[in-house]
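Okay, structure first, notes after.
We use all heavy atoms of the structure for the numbers below, so side chains are in, but hydrogens, waters and symmetry mates are not. Order of listing sets the numbers, starting from 1, for every ligand and every atom in it. Please read these numbers as outputs of a predicted model, since none were measured by experiment.
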Amino acid sequence: MILEKIDHIGIAVRDLESAVARYTFITGHPPEHFEEVAEQKVRVAMFSVGESRIELLQATSPDSPIAKFIDKRGEGLHHVCFKVPDLKAAFVRLINEDIEILPGAGGVGADGSRIAFLHPKSGNGVLIELVERA
Ligand code: CMX
């Protein structure tokens, strides 16, 4: 199996606290957890919705990808993340298909997972994250 499931959908927000209050109301419950991912320069709040999850992301630095995204495009859907059983095997297959894997692939994501991103131009305008969980 190449992709196991959609792991989560990422939403870029300006202010995590107010976004958490709004999504607590929308989902009917508070986030599962908060985390700061130093490597990605973000603070995140993760909400479970059935088997699916929603990740709210706030930049922790003006040079964070989330700060740049919001400057250019405003708040909104930032990425779709697929869970993969084997990140390296996914790279090999995608490189063979000439898809642009962004620098830093294999780095640390939330929960100590290993992550990689595919450029939005390789995803028809959607940034794709791949995650392999320990
Ligand atoms: N979804 C869709 N399009 C996006 C995008 C996104 N998330 N981010 C940028 N773009 C668009 C830009 O608006 C730009 O569009 P135009 O060419 O029409 O202007 C285009 O993609 C290319 O932009 P770029 O100038 O090449 O690159 P940027 O400096 O905007 O960086 C990207 C874009 C995806 C390479 C960079 O954000 C990146 O490396 N992202 C991966 C890491 C990341 O996003 N981390 C935060 C999440 C961490 C987590 O989930 O834990």
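- Put simply, the side chain of V108 does not reach to within 4.5 Å of the side chain of V37, judged on heavy atoms.
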Write none if no such pair exists; otherwise list each N/O atom of ligand 1 with its protein N/O partner under 3.5 Å and the distance.
residue  : atom   : partner : partner atom : Å
ligand 1 : 3 (N)  : R73     : NH1          : 3.3
ligand 1 : 7 (N)  : H78     : O            : 2.9
ligand 1 : 7 (N)  : H78     : NE2          : 3.4
ligand 1 : 13 (O) : R73     : NH1          : 3.2
ligand 1 : 25 (O) : K72     : NZ           : 3.1
ligand 1 : 30 (O) : K72     : NZ           : 3.0
ligand 1 : 45 (N) : Q40     : OE1          : 2.8
ligand 1 : 50 (O) : E55     : OE1          : 3.3

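- Sorted by first and then second residue, the salt bridge (Lys or Arg N to Asp or Glu O under 4.0 Å) pairs involving residues 118-134 (not counting sequence neighbours) are D7-R133, E100-K121, D111-R133.
- Listed here is the closest heavy atom pair of S122 and I99: CB-CG2, 3.6 Å.
- Every salt bridge (Lys or Arg N to Asp or Glu O under 4.0 Å) that E17 has, sequence neighbours left out, goes to R43.
- Residue pairs meeting the ring-ring contact (aromatic ring centres under 6.0 Å, His included) criterion with at least one partner in residues 53-77, sequence neighbours excluded, are F69-H78.
- Shown here is R22, whose CZ atom has no more than 12 heavy atoms of other residues, nucleotides or ligands within 6.0 Å.
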